[in-house]
Every structure is written in structure tokens, then in C-alpha cells.
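In what follows, a structure is listed as C-alpha cells, so that the remarks can point back to it.
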Amino acid sequence: MPPALSSLAADLAGFAASLALWLGYQAFLRARLKRDPAYTLAGINVIARSAWIECVMRERRDILAVQTLRNSTMAATFLASTSIVLILGVLTVAAQSAGSGAVWHALNAFGATAPEVLLIKLMPLLLDLFAAFFAFSMSIRLFNHVGYMVALPADAHPAFTPRHVAAHLNRAGRYYSLGMRAYYLLVPLVFWLFGPHFMLAASVVLIAALHHLDRAPSVPHPSRPGP
């Protein structure tokens, strides 16, 4: 096989292996959450948001609701704005790639080094950032809607019961989580610019870190001493 094709195959293999690891980890989380909804922090947050809506609408804690939703909206707004800034940065790198290709490939021992390949590698970065922007924008939209719903009495309309409002809030939370996942996925995609071996190593490290960070902290049984 010609060296150019061999290098391109190494890039594709590294990308495919990293994608398989990422999808496998997400499938593992979904399977565990079906058996134990409290296995991850995301699952705990779904339960907590539902209970929070029930408490706020039943006890009419309007100020608490406004402050909490405002904080969530501000966090999503900041991350959505950061996505746009990063998109502009990636576009700038793409425009200057012709003159800086040698720098990007200085440590690339296995992958392709043609300038066109660098542009191809930047495309998944752009798509990932656009996905993050869309997810955070949708979470902002839903947080704003929940701000109106949560201020209504529980018996105002059948569509605005605590259960329905909690479904909207949890949907906003899922979009926020998707945006954060897109941010995490940037790590192996950035390392792919330096070579497929870096991408694969970054994917393994990222998934190992997420496996630790995603799990909900274990609470010791009342009859057992804590750590």
C-alpha cells in the first residue's frame, strides 16, 4: 500500500476506534440507567428536578424558582457563546492551515500529513461545536418556558401540572447535558489534529475519566460507618 494511503488508513482507523469507544460508553450508560436510574449524576438530577418542581409549585416558592432558573439560563448562555467563539477559532485555523500544516503534523508519526487532511479533520470539530451550540440554545429556550410554567398554580391548566412542567425542565437538562457531552468530545477531536495515536489515547483517557465523573457518589448505609 502506498505510504499516503497507509497514513490515511491509520487516521480513519484511529477515528473509527475512538468513535466506537465513545458510542460503546454511551450505550453502557444507557443500559445501566435502565436498570438503575440513580446510577449516574444525570439520573440523580432528573429525579431531583422532578422533586424540585413539585416542591416549588406546591409551596409557591416563586423567588427560589426564578433564581434557580436564571442561574441555569446564564450557564447555558455562557457555554453557547463559548461555542460560537470556538467555531470562529476553528474557522481561523482552517483559513491558515496551508501555512501551519507542518506545525500540526510535527508529532504525527502515523497519520496523513497532507493539508487537505487537516481540513477534513477540522470538519468534525466544527460539527461538534455547532451541535453544542444548538443543544445549549435549546436548553436556554426551555429554561425560559419553564420560568413561565412554574409560576402558575398547579391547577391552572391540565398541561401545567408539576409532572408536565418537570418533563419540560428535564428536557432542558438533557439538552444541557448533550451540550456538555459535545464539549467533552472536543478532547479527542483536537488531539486528532496531532495524529491518530493521540486521538485514540485521548479517547481512552477521556472515557476513563468520565466513567469516574458520571457515576453518582455512593451513599453509605446508615448502619455502616462512612469512609
Side-chain angles (χ1 to χ4, degrees), residues 5-47 49 75-76 79-80 82-84 86-87 89-90 93-94 104 107-112 116-140 142 167 170-218:
L5 291 179
S6 177
S7 300
L8 183 59
D11 270 308
L12 294 176
F15 178 81
S18 299
L19 183 62
L21 286 172
W22 180 261
L23 294 178
Y25 175 66
Q26 299 304 316
F28 164 76
L29 283 184
R30 288 178 66 88
R32 287 302 303 263
L33 282 173
K34 286 182 178 180
R35 296 200 304 268
D36 181 10
Y39 177 74
T40 66
L41 287 175
I44 290 291
N45 288 336
V46 169
I47 300 171
R49 283 191 292 261
L79 293 170
T82 303
S83 301
I84 294 297
L86 292 175
I87 287 170
V90 172
V93 171
W104 289 108
L107 301 176
N108 193 350
F110 303 101
E116 296 80 5
V117 176
L118 179 60
L119 292 177
I120 293 174
K121 292 179 179 181
L122 291 175
M123 286 300 297
L125 268 175
L126 279 175
L127 293 175
D128 187 62
L129 287 170
F130 274 115
F133 172 75
F134 175 80
F136 287 126
S137 298
M138 287 298 298
S139 69
I140 295 169
L142 290 169
N170 281 323
R171 190 176 183 186
R174 282 194 296 272
Y175 275 115
Y176 189 92
S177 297
L178 285 174
M180 291 305 302
R181 290 287 165 181
Y183 269 8
Y184 298 149
L185 192 55
L186 288 174
V187 175
L189 290 176
V190 169
F191 274 96
W192 192 24
L193 300 176
F194 300 95
H197 52 301
F198 287 110
M199 182 186 195
L200 188 57
S203 298
V204 172
V205 173
L206 174 64
I207 290 174
L210 287 178
H211 183 258
H212 174 72
L213 297 174
D214 283 339
R215 294 185 62 182
S218 58

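Because only heavy atoms are used, hydrogens play no part in the values below, and waters and symmetry mates are left out as well, while side chains stay in.
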In Å and rounded to the nearest 0.5 Å, what is the CG to CD distance from Leu185 to Gln26?
9.0 Å

Any chance the side chains of Ser137 and Tyr175 put a donor and an acceptor closer than 3.5 Å?
no

Taking all atoms of both residues into account, what is the closest heavy-atom pair of His211 and Phe28, and its distance?
CD2-CE2, 3.9 Å

Gap between atom CZ of Arg174 and atom CZ of Arg49 - 0.5 Å precision:
8.0 Å

Write down the atom of Ser139, the atom of Ala76, and the distance for their closest heavy-atom approach.
OG-CB, 3.4 Å

Should Leu206 and Phe191 be marked as a side-chain contact (heavy atoms from CB on, under 4.5 Å) after you check the CA-CA gap, both sets of side-chain angles, and the distance that decides it?
CA-CA 12 Å; Leu206 174 64; Phe191 274 96; over 6 Å; no

Are any non-hydrogen side-chain atoms of Trp22 and Leu210 less than 4.5 angstrom apart?
yes

Distance in Å, Leu79 CG paired with Ile140 CD1, rounded so as to fall on 0.5 Å steps
8.5 Å

Verify ring pair (Phe, Tyr, Trp, His ring centres under 6.0 Å) between Tyr176 and Phe136, making sure each step is shown before the conclusion.
CA-CA 6 Å; Tyr176 189 92; Phe136 287 126; 5.4 Å; yes

For Leu41, does its backbone N or O pair with a side-chain atom of Asn45 as donor and acceptor, under 3.5 Å?
yes

Flag yes if more than 12 heavy atoms outside Arg181 fall under 6.0 Å of its CZ atom; otherwise flag no.
yes

Checking the side chain of Tyr183 only, and the main-chain atoms of Ser83 only, is there a donor and an acceptor separated by less than 3.5 Å?
yes

For residues Ala182 and Ala132, report the shortest heavy-atom separation together with the two atoms involved.
CB-CB, 3.7 Å

For Leu33 and Thr40, work out which heavy atoms get closest and say how close.
CD2-OG1, 3.3 Å

Smallest heavy-atom separation, Pro188 atom then Tyr184 atom, equals CD-O, 3.6 Å

Min side-chain heavy-atom separation Met199-Leu189 under 4.5 Å
yes

What side-chain donor-acceptor pairs closer than 3.5 Å can you find for residues 122-130, not counting sequence neighbours?
none

Parallel, tilted or perpendicular, judged at 30° and 60°: which one describes the rings of Phe198 and Phe194?
perpendicular

